[in-house]
Protein chains: 2
Amino acid sequence: MKKNVLIIGAGGVAQVVAHKCAQANDVLGDLHIASRTLSKCEAILASVEEKGSMKAPGLFKAHAVDAMDTGAVAQLIRHTGAEIVINVGSSFVNMTVLEACLDTGAAYLDTAIHEDPAKICETPPWYGNYEWRRRERCAEKGVTAILGVGFDPGVVNAYARLAADDYLDTVTSIDIVDINAGSHGRWFSTNFDPEINFREFTGTVYSWQKGAWQENSMFEVGQEFDLPVVGKQKAYLTGHDEVHSLSANYPDADVRFWMGFGDHYINVFTVLKNLGLLSEKPVVTAEGLEVIPLKVVKAVLPDPSSLAPDYKGKTCIGDFVRGTKDGAPAEVFVYNVADHEEAYAETGAQGISYTAGVPPVAAAVLIARGEWDVARMVNVEELDPKPFLRLLGEMGLPTRVRDAAGDRAI
Amino acid sequence: MKKNVLIIGAGGVAQVVAHKCAQANDVLGDLHIASRTLSKCEAILASVEEKGSMKAPGLFKAHAVDAMDTGAVAQLIRHTGAEIVINVGSSFVNMTVLEACLDTGAAYLDTAIHEDPAKICETPPWYGNYEWRRRERCAEKGVTAILGVGFDPGVVNAYARLAADDYLDTVTSIDIVDINAGSHGRWFSTNFDPEINFREFTGTVYSWQKGAWQENSMFEVGQEFDLPVVGKQKAYLTGHDEVHSLSANYPDADVRFWMGFGDHYINVFTVLKNLGLLSEKPVVTAEGLEVIPLKVVKAVLPDPSSLAPDYKGKTCIGDFVRGTKDGAPAEVFVYNVADHEEAYAETGAQGISYTAGVPPVAAAVLIARGEWDVARMVNVEELDPKPFLRLLGEMGLPTRVRDAAGDRAI
């Protein structure tokens with residue numbers, strides 16, 4: 001049954017979500033997109049139009065909304081008849097949008113953990129601070145809420161589940177590795193909102209090891225991974241959303257997240273952090289102006305969506321899952337390789353936005369089809385990964401597996 | 001004859017100026033200090049009191065003034081009966097303070113070139129843009145204005161004149177070298193107002209070579225100097241005030257300024273500059289706040305005056321002057337070595353502030369004594385350097401000379 005969709009947000013990921021919803025509007029219904037700035041939504045609709053992305057004739061409409069205002073979002077959900085909300089706005093709006101879904105009964109999808117602008121790196125598990133506190137209410141009201149259904153978190157959670165279900169008998173560790181081997185050609189840029197990007201790395205690095213939370217600092221623990229297509233890459237133990245749900249669902253396994261960084265990124269980050277320029281706490285200039293340094297850093301950096309036309313190269317994101325199979329130690333690497341230029345040609349966005357934006361649309365299609373319409377709050381590893389990964393393959397994010405038997409598509 | 005002094009500014013250099021004026025208040029008269037923030041002036045007076053710096057019983061009073069307001073400064077000059085104004089406020093206020101001196105007839109001293117907040121690195125010679133345009137009016141009104149009478153510019157201009165007068169017959173090059181071999185123990189800090197510090201290095205590096213202005217970029221040209229006390233140090237061709245007057249007074253000589261930088265400083269500077277964080281042009285944050293990035297960088301960095309208690313080590317600043325003597329090539333290095341801890345013990349300020357703050361007080365004493373009361377606008381190399389260097393020696397900044405005949409005090 002067709003279900004109307006409301007997209008919240010108008011950044012690079014929203015651009016991909018819009019194109020992919022349009023390509024699936026024979027399964028989804030009317031499409032709507034809303035953000036603080038109407039013109040950004042309109043620019044995305046113009047791109048959808050230009051690329052002829054709408055599969056079937058249908059509605060795709062832009063709206064302005066303050067997503068921090070639950071009442072306004074609920075009103076828009078009712079007004080548009082949306083039954084699925086894909087929230088790819090700032091991480092600061094997640095809970096107000098989820099509340100609007102609880103109010104209206106619409107399904108809720110997001111791709112990143114909720115953040116309070118005033119706090120960095122809260123107590124683990126992060127989902128316990130905001131999302132899971134609404135788990136009972138979702139169940140009571142029969143609201144489907146799929147948390148963190150981008151690529152990482154999201155697809156990598158499904159990879160972990162697939163490995164546990166199909167390739168191993170026991171799981172002892174899940175190491176998620178995220179490498180962007182692409183190049184944007186700028187002196188420095190973050191690949192998504194600098195404010196969110198830097199906030200990921202300024203706090204404690206939490207990992208789940210030996211059944212407990214371990215604390216490190218960013219860039220303290222690094223190792224080289226030898227990966228398909230992108231080759232040898234240095235990656236660092238990093239705090240990341242999916243560690244906080246996989247550790248709850250696979251408590252006996254070590255769960256770690258590793259992100260690739262070049263020396264240049266680390267140097268720029270280190271300078272900015274040590275000077276205090278990544279702080280979310282206001283400072284006062286000599287002239288008496290109160291300013292949050294991180295917001296000024298964001299203002300001087302390139303708009304990540306502006307990188308897309310020049311972005312070249314590939315990403316490789318996947319899960320090294322280790323454990324036993326038939327009594328012997330075994331390891332499987334479940335992964336995807338995406339290409340920046342192909343992503344841009346199809347959706348006008350670069351590969352990082354593409355990998356984050358396709359999965360929530362696949363999830364929306366599965367909800368519309370009834371396969372993932374679970375009427376409760378879940379993280380992705382709690383759902384059957386097979387229809388999801390199959391659909392992602394059809395939508396442009398194929399899954400491959402590398403283990404003792406070789407490297408192959410699934 | 002005693003002359004009342006008004007100090008403009010309340011930073012680290014003003015702190016030194018205040019202590020040194022107090023130590024010379026048998027020659028100077030009533031002392032006054034004024035800045036935008038009265039409490040900063042009062043803190044300086046408390047330090048003068050605490051260290052018992054007043055040589056003779058006398059007046060030392062704090063005032064609040066907006067130094068960007070010529071009328072307000074002129075009124076304060078009249079109110080205090082000041083006959084000498086030592087301007088060690090921000091470089092942005094120089095011309096408004098000079099105008100107040102032209103209005104009242106008070107002598108004017110500063111330690112750095114005037115800057116327009118909206119412009120970086122104007123056309124050479126820099127003094128031609130603001131200061132020298134008022135040269136005729138100073139002469140007409142008989143106003144003594146000694147420009148750039150800190151250490152560099154200032155003492156190094158006198159060193160060049162001394163070398164030309166006493167050690168060489170012809171001068172072919174003047175290379176001023178400024179090395180701070182001290183350590184403040186912080187991860188990063190500038191030694192004086194970060195806004196002024198960084199502005200020195202973001203523009204074109206002008207030097208005077210082969211009778212013309214040469215342009216380079218910062219950190220493009222570097223060389224190692226082997227110096228007394230501080231040893232081998234890497235320094236870089238840098239734009240600096242004194243190049244713009246020495247080139248006019250010694251047009252046949254190459255005039256270059258070299259400043260010492262460690263790799264760490266260069267890295268931090270390069271990151272901030274390339275990201276656009278050293279820009280004096282406003283940016284607008286996502287929230288719509290207009291901010292000048294450089295002012296935010298200043299706000300997050302340590303207050304340079306806070307470095308003083310922990311500062312250890314020495315500075316070496318001097319002039320390599322080359323030319324001929326008795327028909328043969330000759331070179332002389334005229335220099336001073338200052339000590340951060342000694343400066344702090346005496347004045348509560350670190351060595352960089354000390355070397356900049358002692359010379360204008362020496363100049364004020366020479367004006368009061370009539371030796372430098374020239375009733376016109378001059379740069380320091382236009383004045384007899386001998387009484388100045390002799391007095392500086394007595395006041396804590398002794399001059400030494402190193403040439404073929406050895407290394408000795410003068």
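Sequence lines set the chain letters: A, B, ... in the order given, protein chains first and strands last, and positions in each chain run from 1.
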Show the nearest heavy-atom pair for residues A:Val300 and B:Pro293, with the distance to one decimal.
CG1-CG, 3.9 Å
Would you mind checking which part of B:Lys298 comes under 4.5 Å of any heavy atom in chain A, side chain (CB onward), backbone (N, CA, C, O), both or neither?
side chain
Determine, step by step, whether B:Val271 and A:Trp187 satisfy the side chain to side chain contact (heavy atoms under 4.5 Å, CB included) criterion, reporting the C-alpha distance in whole Å, the side-chain angles of both residues, the deciding distance to 0.1 Å, and the verdict.
CA-CA 10 Å; B:Val271 167; A:Trp187 191 78; 4.0 Å; yes
Can you establish whether the number of heavy atoms outside B:Glu99 located under 6.0 Å from its atom CD is more than 12?
yes
One pair to check against side chain to side chain contact (heavy atoms under 4.5 Å, CB included): A:Leu289 and B:Leu289. What are the steps and the verdict?
CA-CA 10 Å; A:Leu289 189 66; B:Leu289 188 67; 4.2 Å; yes
Between B:Ile292, B:Leu277, B:Leu301, B:Thr270, which residue shows the highest count of heavy-atom pairs closer than 4.5 Å to chain A?
B:Leu277
Between chain B and each of A:Asn274, A:Val296, A:Asn267, count heavy-atom pairs under 4.5 Å; write down the option with the most.
A:Asn274
Are A:Leu275 and B:Leu272 side-chain neighbours, meaning at least one heavy-atom pair lies under 4.5 Å?
yes
Between A:Glu195, A:Glu287, A:Arg186, A:His264, which has the largest tally of heavy atom pairs under 4.5 Å with chain B?
A:Glu287
Region of B:Val283 in contact with chain A, defined by heavy-atom distances below 4.5 Å:
side chain
Could you check whether atom CD of B:Glu280 has more than 12 heavy atoms from other residues, nucleotides or ligands sitting under 6.0 Å from it?
yes
